[in-house]
Amino acid sequence: MRHHGMAHAGVLLFSVTSLLGMGLTRAVPQATPPPSLPLLDPPLASPTGTGARALALGDFDADGRMDVLTANHREGNVSLLRGLGDGTFAAPLDTATGLKPNAVAVGDFNGDGLLDAVTSNFVGTVSVLLGRGDGTFLPRTDVAVGGEPSSVGAGDFNGDGRWDVVASNARTDSVSVLLNRGDGTFRPRKDAATGTSPFMVAVGDLNHDGKADLVTANFVDTVSVLLGRGDGSFAPPVDHRTGNSPYSVAVADVDGDRAPDLVTSNFLGRSVSVLRGTGTGSFLPHRDFPVEGGPYFVATGDFDGDGDLDLATSNFFDDTVSVLPGRGDGTFGAGTRFATGDGPYAVAVGHLNGDGKPDLVTPNARGRDVSALLGAGAPAVAVDLTLAPRPGTARPCAE
């Protein structure tokens with residue numbers, strides 16, 4: 001249990017900050033921001049379960065509209081919010097998971113063309129939820145992984161065209177890889193070492209060899225890169241320094257050179273770190289950009305329509321998201337903050353209302369809702385390298 005206290009140190013900090021009144025309860029963007037800054041509309045709230053710590057986007061009921069699936073840590077379930085096509089959602093439909101789910105990912109795990117889900121549960125399991133295609137799920141199947149899993153991802157790790165699952169294990173300094181049998185069941189896990197306290201795992205082809213690689217954000221100021229061998233195993237980790245206490249990591253080409261880069265949200269460092277990729281699986285030293293409010297999670301998208309990727313972070317301390325405009329060379333301008341609900345734990349990018357502009361959604365862990373912030377800028381297309389190569393026919397972010 002040597003990382004248990006570290007994994008929850010942030011929760012104590014949140015409570016102290018709330019009691020002292022140091023964090024902003026609401027943050028309002030400038031009344032008339034300069035045209036070069038990304039623009040988001042005020043948040044739209046939709047109810048969900050208690051303690052929502054993560055979410056995934058996808059069309060779970062096959063109606064052509066984006067839905068939201070939240071992992072509710074306190075309730076031991078997920079809530080599906082069916083999209084109404086205008087940035088609002090129907091009442092949540094709950095499905096039980098293992099205890100204390102803290103992350104969720106999606107994929108077609110049984111090859112039926114319907115979107116399924118998987119959660120990582122703090123008690124040492126992942127729960128597989130096979131979708132019925134109408135917004136509901138079959139009863140869960142739990143699979144053992146390492147100690148205190150804190151995130152979960154999906155990708156094809158052995159090249160057989162099936163969605164496999166990976167969980168990052170904060171207590172045992174490892175990732176657990178579950179290879180898919182093709183019917184929604186999985187082989188026993190194979191663990192691979194990472195740096196200390198891997199809070200999040202992301203998937204991408206980091207060296208352009210057509211094989212899925214892994215990267216973890218480790219709370220001890222590093223990321224670990226594990227290059228895939230294409231058979232479900234991975235090379236030993238190579239660690240790279242980041243800012244202070246990275247909680248999440250995103251894979252995207254932020255400098256336009258077609259080589260995947262890494263971006264971390266540094267919770268205690270109040271910054272994001274950008275590690276520019278060489279295309280060979282190695283990375284240049286990190287460069288940091290400030291973010292206020294305790295950034296927990298980072299995502300990428302073109303929010304100002306200029307063709308360059310921007311960054312969005314969820315800031316737990318002050319109930320905001322920050323959008324940092326990208327310059328197209330791997331550097332970013334000052335962030336603009338936009339209000340969310342109470343305690344945004346994560347942020348996801350998708351198209352919620354069909355206008356072609358990227359929108360943001362946050363699960364608000366201190367509340368019982370999600371916040372949808374609709375894009376008000378020029379139409380743009382987000383670049384997503386996090387699940388390449390993509391097996392199967394179902395799309396995790398169907399639009």
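- Electrostatic pairing of R337 and D318 counts as a salt bridge here, judged by a charged N lying under 4.0 Å from a carboxylate O.
- Heavy atoms of other residues, nucleotides or ligands lying less than 6.0 angstrom from CZ of R181 number more than 12.
- Donor-acceptor pairing under 3.5 Å is lacking for the side chains of S79 and N77.
- Residues forming a salt bridge (charged side-chain N to carboxylate O under 4.0 Å, His left out) with D94 (at least two apart in sequence, or on another chain): none.
- Looking only at atom types and distance, the side chain of T300 has no donor-acceptor partner in the side chain of D310 under 3.5 Å away.
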Task: Steps toward side chain to side chain donor-acceptor pair (under 3.5 Å) verdict (S168, T216) - done: CA-CA 7 Å; S168 63; T216 62; over 6 Å; no
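- D142 is linked by a salt bridge (charged side-chain N to carboxylate O under 4.0 Å, His left out) to R140, counting only residues two or more places apart in sequence or in another chain.
- Each of F199, F317, F297 was evaluated against F267; a single residue qualifies, F317, per the ring-ring contact (aromatic ring centres under 6.0 Å, His included) test.
- At least one donor-acceptor pair under 3.5 Å links the side chain of D164 to the backbone N or O of F157.
- The aromatic rings of Y247 and Y296 lie parallel to each other, with less than 30° between the two planes, well short of the 60° mark.
- Side-chain N/O atoms of T242 and D221 include no donor and acceptor closer than 3.5 Å.
- Side chains of D369 and T48: no donor on one and acceptor on the other come within 3.5 Å.
- Atom CZ of residue F186 and atom CH2 of residue W163 lie 11.0 Å apart, to the nearest 0.5 angstrom.
- A salt bridge links D319 to R366: at least one charged side-chain nitrogen sits closer than 4.0 Å to a carboxylate oxygen.
- No side-chain donor from either of N102 and S150 sits under 3.5 Å from a side-chain acceptor of the other.
- For the side chain to side chain contact (heavy atoms under 4.5 Å, CB included) criterion with S176, the lone passing option out of V201, V166, N169, V165 is N169.
- In this structure, a donor-acceptor pair under 3.5 Å is absent between the side chains of N218 and T196.
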TODO: Step by step, work out the side chain to side chain donor-acceptor pair (under 3.5 Å) result for S120 and S151.
DONE: CA-CA 6 Å; S120 58; S151 74; 5.9 Å; no
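- Partners of F89 under the ring pair (Phe, Tyr, Trp, His ring centres under 6.0 Å) rule, at least two apart in sequence or in another chain, do not exist in this structure.
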